[in-house]
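The structure under discussion appears below in the form of structure tokens.
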Amino acid sequence: MNYFKYIKDILLEEIEVLVSDDKLPAGLDLSRIGVEPTKDAAHGDLASNAAMVLAKPAKTNPRELGQLLADRLNARDEIEKAEVAGPGFVNMRLVPEFWTNQISAVLKAGIGYGDCDLGNGEAVNVEYVSANPTGPMHIGHARGAVIGDALASLLSKAGYAVSREYYINDAGAQVDVLARSAHLRYREALGEEIGDIPDGLYPGDYLKQTGQDLAERDGDKWQGITDDEWLPELRSFAIDAMMDLIREDLGALGVKHDVFTSERELVGSGSNDEVVEELQSRDLVYMGTLEPPKGKLPEDWEERPQLLFRSSNFGDDVDRPLKKAEGDWTYFASDIAYHRDKFRRGFASMIDVWGADHKGYVKRMQSAVNAITGNKGALDVRLCNLVNLLEDGKPAKMSKRAGSFVTLRDVVDEVGKGAVRFMMLTRSSNASLDFDLKKVTEQSKDNPVFYVQYAHARICSVIRNTAEAFPELSLDDSSLSGADVAQLRDPGELAMIKELAGWPQIVESAALAHEPHRVAFYLSDLAASFHAFWNRGNSDESLRFIVPDDSTKTLARVVLARAVAVVIASGLAVMGVEPVEEMR
RNA sequence: GCAUCCGUAGCUCAGUAGGAUAGAGCACAGGAUUCCUAAUCCUGGGGUCACAGGUUCGAAUCCUGUCGGGUGCACCA
């Protein structure tokens, strides 16, 4: 349950009462009323702007209206004290029982705490990674993979029916280059001296294996014949091999997809023709010539009549080509067909996670989605900025295996998938990110992964030690959720409970904004509160979790600690990181 | 030239479904030890939220403009 909503409902009920008592006019716009946590504890637990928002339309002044509301709220069980403050805020302090009850809600819900029905079962398609099948994943891909995967989990937690999708770009010129590169390695495997890899082909060592595999399977079948004869088979063989590589990389990172869609298959099914025909019938397609780009004119610019889509009708800056001058489909055409396909599969809501280098592509794609769905579909594009891979502050070395980039696998092998995933979510996606291989393995608060995990491990340890000190206590979650927590009255304890109770709200707002990184920040804050309370036990033994000779107090504290661990685990689950039980 | 993201503490960045006195970490100065460990915490200084208007009871947050920076900009993927 989201307690903000709960209290807001109470507030709205009281407004209704004021209306029926003729103290407020009927028909007021209540949509701008909010209930929020206060920044300053002196203002109570929650504050509402209701009086300020309603005062003008109700032709009264905010403080007077606020007082009316406060008087009514003070009669409610949940509210210890309501009062008007500042320009007309209604500040509310809730009864302690309200907060302590939240803990058992956490324990009862377990890792599902924070689940909500915000999405109401609406189908959402999240497309991420979609790396070209031309080699292993590099660290930049990892960011999109993690962000997409976490966003999908987040939306799923928020009540959307999420489908996770990978679009295989296996139809462009790049896969022909792949085929040629693989053919070279194939000849190499058969004993030919190939020398240096020519410019324009992929030099990475990872293709050696592909060449060998093919040589083993087919012998010299593809040797000494023309390119046209071997290219289709080599291409499809190499694409399959690369997709296997990519799937392995994704597996190493723990990233999953429900659907893999092949561009080649989609085009082969005639979907490009279909969609262009449809656009044609609505007069959204024409043969034309694009203006040269303003500013600097490319040297080799020439007029090219080609098939264009009227994307400028739908918010794009200029119209965009569907076919190249030679008549081949553009990537854009396939992409339109692909998004139409998604829409037809029932996804009015689509989210694409792209690299920041595709920034210039967003508008045209959104225009296209508007056009083909009759404005019924919506595409949100999350752009992931660069990852600067560092090693102790200096740029990390390139990988030997891949030739020109650092592979995801190298990084995962070095620091672990949990650390990679967490780090990728420590910045908003459109900010560039420094990823220091040394720092993420450091055991210090410099390292947010460690910091959050450490809190979780400490809690697990407390529970283990409690079991030893008080063998008679039952410490499983269902016993804990029924335990007496009335003793939790220290401000530090209450603050932590409030923070826990805020988790559902974080889930909602992060899901609405499509920003999974907020989860990482929340967990860091929560861990900080826990560490802070923990350390108060150093100077004041009565504040320790385990209080010798007081099993009631100990039990109450263990309940709180366990609730913190549950929420950490719940947040980490969204991020795809496994909580650890000990740090040793 | 156009588009787009951004401009918050010395540094790296949170915070934008508008809310009260703008936060955290690092760095700097001082302090606290052992329930899992100081692997952590506490205290302190530090700000024209780029600038100027506007909307609003109220703006870091929304709108307009200016300045500054990153990125992209026929056909490629």
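All values reported here derive from a predicted model rather than from experimental measurement. Note on naming: letters A, B, ... go to the chains in the order of the sequence lines (proteins, then strands), and numbering restarts at 1 for each one.
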Can you tell me how far [atom1] in [N] sits from the matching atom in [M], rounded to whole Å?
{"N": "rC49(B)", "M": "rG15(B)", "atom1": "C1'", "answer": "11 Å"}
{"N": "rG58(B)", "M": "rU21(B)", "atom1": "C1'", "answer": "15 Å"}
{"N": "rG25(B)", "M": "rU43(B)", "atom1": "P", "answer": "10 Å"}
{"N": "rC67(B)", "M": "rG10(B)", "atom1": "C1'", "answer": "23 Å"}
{"N": "rA9(B)", "M": "rA22(B)", "atom1": "C1'", "answer": "11 Å"}
{"N": "rA38(B)", "M": "rU33(B)", "atom1": "P", "answer": "11 Å"}
{"N": "rA59(B)", "M": "rA14(B)", "atom1": "P", "answer": "24 Å"}
{"N": "rA39(B)", "M": "rA50(B)", "atom1": "C1'", "answer": "39 Å"}

- Message: Rounded to the nearest 0.5 Å, what separates atom CG in D317(A) from atom CZ in R364(A)?
- Response: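 Output value for this atom pair is 9.5 Å.
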Looking at the side chain of [X], which of [options] is the nearest nucleotide?
{"X": "N535(A)", "options": "rC41(B), rA14(B), rA39(B)", "value": "rC41(B)"}
{"X": "H531(A)", "options": "rC41(B), rA14(B), rA74(B)", "value": "rC41(B)"}
{"X": "R304(A)", "options": "rU71(B), rC75(B), rC57(B)", "value": "rC75(B)"}
{"X": "W534(A)", "options": "rA77(B), rC35(B), rA14(B)", "value": "rC35(B)"}
{"X": "K324(A)", "options": "rA77(B), rU40(B), rA3(B)", "value": "rA77(B)"}

Touch check for [X], heavy atoms < 4.0 angstrom, all strands: base, sugar-phosphate only, or nothing?
{"X": "T426(A)", "result": "nothing"}
{"X": "I546(A)", "result": "base"}
{"X": "P62(A)", "result": "nothing"}
{"X": "F450(A)", "result": "base"}
{"X": "A532(A)", "result": "sugar-phosphate"}
{"X": "R427(A)", "result": "sugar-phosphate"}
{"X": "R557(A)", "result": "nothing"}
{"X": "K56(A)", "result": "sugar-phosphate"}

Smallest separation among heavy atoms of [X] and [Y], with atom names:
{"X": "L28(A)", "Y": "P57(A)", "value": "CD2-CB, 3.8 Å"}
{"X": "L425(A)", "Y": "H517(A)", "value": "O-CB, 3.2 Å"}
{"X": "I15(A)", "Y": "L54(A)", "value": "CD1-CD1, 3.9 Å"}
{"X": "L11(A)", "Y": "S48(A)", "value": "CD2-OG, 3.2 Å"}

Length of the line joining [X]:[atom1] and [N]:[atom2], which is rounded to integer Å:
{"X": "L383(A)", "N": "rG70(B)", "atom1": "CG", "atom2": "P", "value": "19 Å"}
{"X": "W354(A)", "N": "rU71(B)", "atom1": "CH2", "atom2": "C1'", "value": "16 Å"}
{"X": "D170(A)", "N": "rA77(B)", "atom1": "CG", "atom2": "P", "value": "13 Å"}
{"X": "E291(A)", "N": "rA3(B)", "atom1": "CD", "atom2": "C1'", "value": "17 Å"}
{"X": "R320(A)", "N": "rC2(B)", "atom1": "CZ", "atom2": "P", "value": "16 Å"}
{"X": "L555(A)", "N": "rC35(B)", "atom1": "CG", "atom2": "C1'", "value": "16 Å"}
{"X": "L290(A)", "N": "rA3(B)", "atom1": "CG", "atom2": "C1'", "value": "16 Å"}
{"X": "M365(A)", "N": "rA77(B)", "atom1": "CE", "atom2": "C1'", "value": "14 Å"}

- Side chains of N2(A) and E508(A), donor plus acceptor under 3.5 Å: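 A pair is found: one side chain offers a donor N or O, the other an acceptor, under 3.5 Å apart.
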- Task: May I ask you to check whether N388(A) and D434(A) show a side-chain donor-acceptor distance below 3.5 Å?
- Result: yes
- May Y331(A) be described as stacking on the base of rC76(B), applying a 5.5 Å centroid limit and a 30° limit on plane angle? no
side-chain N/O [X] vs [N] OP1/OP2, d < 4.0 Å:
{"X": "Y454(A)", "N": "rC41(B)", "answer": "no"}
{"X": "N430(A)", "N": "rC6(B)", "answer": "yes"}
{"X": "K363(A)", "N": "rU4(B)", "answer": "yes"}

- Task: May I ask you to decide if the ring planes of Y361(A) and H358(A) are parallel, tilted or perpendicular, using 30° and 60° as cut-offs?
- Result: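 Rings of Y361(A) and H358(A): perpendicular, over 60°.
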- Whether H531(A) and Y451(A) hold their rings parallel, tilted or perpendicular, with breakpoints at 30° and 60°: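 Judged by the thresholds at 30° and 60°, the geometry between H531(A) and Y451(A) is tilted.
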- salt bridge (Lys or Arg N to Asp or Glu O under 4.0 Å) evaluation trace for R93(A) with E83(A): CA-CA 9 Å; R93(A) 184 178 304 286; E83(A) 59 188 349; over 6 Å; no
- Sole candidate of L555(A), T554(A), V558(A), L475(A) that passes side-chain contact (heavy atoms from CB on, under 4.5 Å) when paired with F470(A): T554(A)
- Message: Please encode protein proximity along nucleotides 15-30 of chain B as a string of B, S and -, counting only heavy-atom distances under 4.0 Å.
- Response: SSB-BBB---SS----
- Query: Between S539(A) and L543(A), which is nearer to the 5' end of RNA chain B once each is assigned its nearest nucleotide?
  - Reply: S539(A)
- Could you say whether F332(A) or G537(A) is positioned toward the 5' end of RNA chain B, judged by the nucleotide with the nearest heavy atom to each? G537(A)
- Close aromatic pair by centroid cut-off 6.0 Å: F530(A) and F545(A): yes
- Query: Are K323(A) and W329(A) in a cation-pi setup, meaning NZ or CZ lies under 6.0 angstrom from the ring centre and within 45 degrees of the ring axis?
  - Reply: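 Pair K323(A)/W329(A) counts as cation-pi.
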- For RNA chain B, list all stems, counting runs of three or more consecutive pairs where every pair is Watson-Crick or G-U wobble with both distances under 3.5 Å.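 The stems that RNA chain B takes part in, listed by first number, are B:1-7 with B:67-73, B:10-13 with B:23-26, B:28-32 with B:40-44, B:50-54 with B:62-66.
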